[in-house]
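Worksheet for the structure shown next.
When reading the values below, keep in mind they use all heavy atoms of this one structure, side chains included, and skip hydrogens, waters and symmetry mates. Treat the numbers as computed from the prediction; the structure is a model and nothing was measured.
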Amino acid sequence: MITREQIATVLDHPVHDARGDKIGDARHVFFDDMTGEPEWVSVRTGLFGTSESFVPIHDAALVEDHLEVPYAKDQVKDAPNVDIDAGGHLSEQEEQRLYQYYGIDWDAAWQGPHSGTGQAPGTTGTTGAADDAMTRSEEEMHVGVERREAGRARLRKYVVTEEQQYTVPVRHEEVRVEREPITETNRDRAMTGPDITEAEHDVTLYEEQPVVETRAVPKERVRLTTEEVTEEETVTGEVRKERIETEGTDEQGDQRRRH
């Protein structure tokens, strides 16, 4: 059973069913007018929390940071609709419908803590114990960075043919005819051999020609490396903020005077 001291821990905290599934968040706690004990809790359910369902809190238990009730999630969500804005009270008819829906003996509940009061348990209903202050929320923009692939770089080696010119000195032999007169010095060599006859004498000529030969010579090594460069970028986003306006009061919260 939830005590009055635990109400602050219950409000705006998750409510789970008997299987541990979350039903919604506790919005209000309603007390029994006769005993002053917590009797009902309204749970905000539905998409975006647009609905509130009532569930008995008598057999509920506070487990860590949430309230656990012994009812199934669908049963709580399908509970009879109750107008919680009607003065913060449950009428006798509304409370009786809730008792019947959850299978609680209405007569036993009436004979229990209310014996001798002369009033049915739902005559004056229960009052909400939730803080009537309004919570204003706003969104905050949190900007981070994520690492993603921006592109790929590749080294590719290919062969190109270029024409190069070099000037190379080459030598060749040419024939030069030398004539020398007969003198006393060479007369003996000149007179050897037949007097008059036909003769031939060959001379082999040589020349140099340029020869081109290629060979692979390492010139440099090339590799790919990465480096991080930090730049500043400005991002723009939209955030929503709640504003609270007052009616019938001035900015200081005092009630306006009527003239």
With side chains defined as the heavy atoms from C-beta onward, is the minimum distance between [X] and [Y] less than 4.5 Å?
X: V222; Y: L155; result: yes
X: L67; Y: P14; result: no
X: I57; Y: F31; result: no
X: D25; Y: V15; result: no
X: K73; Y: R19; result: no
X: V69; Y: P56; result: no

How close do [X] and [Y] get, counting heavy atoms only, and between which atoms?
X: E173; Y: T204; answer: OE1-O, 3.4 Å
X: V41; Y: A26; answer: CG2-CB, 3.8 Å
X: E149; Y: R152; answer: OE2-CG, 3.8 Å
X: L205; Y: E174; answer: CD2-C, 4.2 Å
X: P38; Y: I7; answer: CG-CD1, 4.0 Å
X: L98; Y: P80; answer: CD2-CD, 3.9 Å

Hey, do the aromatic rings of H13 and H66 have their centres closer than 6.0 Å?
no
Centroid separation F30 to F54 less than 6.0 Å
yes
Nearest-0.5 Å distance that lies between atom [atom1] in [X] and atom [atom2] in [Y]:
X: K241; Y: S137; atom1: NZ; atom2: OG; answer: 12.5 Å
X: E68; Y: I23; atom1: CD; atom2: CD1; answer: 9.5 Å
X: Q96; Y: Q100; atom1: CD; atom2: CD; answer: 5.0 Å
X: H16; Y: E64; atom1: NE2; atom2: CD; answer: 10.0 Å
X: I2; Y: R4; atom1: CD1; atom2: CZ; answer: 13.5 Å
X: T9; Y: L62; atom1: OG1; atom2: CG; answer: 6.0 Å

Where does the angle between the aromatic ring planes of Y99 and W40 fall among parallel (under 30°), tilted (30 to 60°) and perpendicular (over 60°)?
perpendicular
Indicate if V63 and V55 have the same hydrophobic cluster label, given that clusters are the connected sets of ILVMFWY residues with side-chain heavy-atom separations under 4.5 angstrom.
no
Please check if the number of heavy atoms outside E138 that lie under 6.0 Å from its CD is greater than 12.
yes
Would you confirm whether [X], through its side chain, and [Y], through its main-chain N or O, come within 3.5 Å as a donor-acceptor pair?
X: E139; Y: V239; result: no
X: S53; Y: V43; result: no
X: S42; Y: H28; result: yes
X: Y102; Y: R97; result: no
X: E207; Y: H172; result: no

For E180 and N186, run side chain to side chain contact (heavy atoms under 4.5 Å, CB included): C-alpha distance rounded to whole Å, both residues' side-chain angles, the deciding distance at 0.1 Å, then the answer.
CA-CA 9 Å; E180 63 179 37; N186 59 15; 3.1 Å; yes
Tell me, with the steps shown, if R176 and E178 meet salt bridge (charged side-chain N to carboxylate O under 4.0 Å, His left out).
CA-CA 6 Å; R176 186 176 63 184; E178 294 182 355; 3.1 Å; yes
Test log, rule side chain to side chain contact (heavy atoms under 4.5 Å, CB included), inputs R171 and Y206:
CA-CA 8 Å; R171 297 174 298 173; Y206 294 92; over 6 Å; no
So that I can tick it off, tell me whether E146 and R148 are bridged by a salt bridge, with the cut-off set at under 4.0 angstrom between side-chain N and carboxylate O.
no
Can a salt bridge be assigned to the pair E228 and R147 using a cut-off of 4.0 Å between side-chain N and carboxylate O?
yes
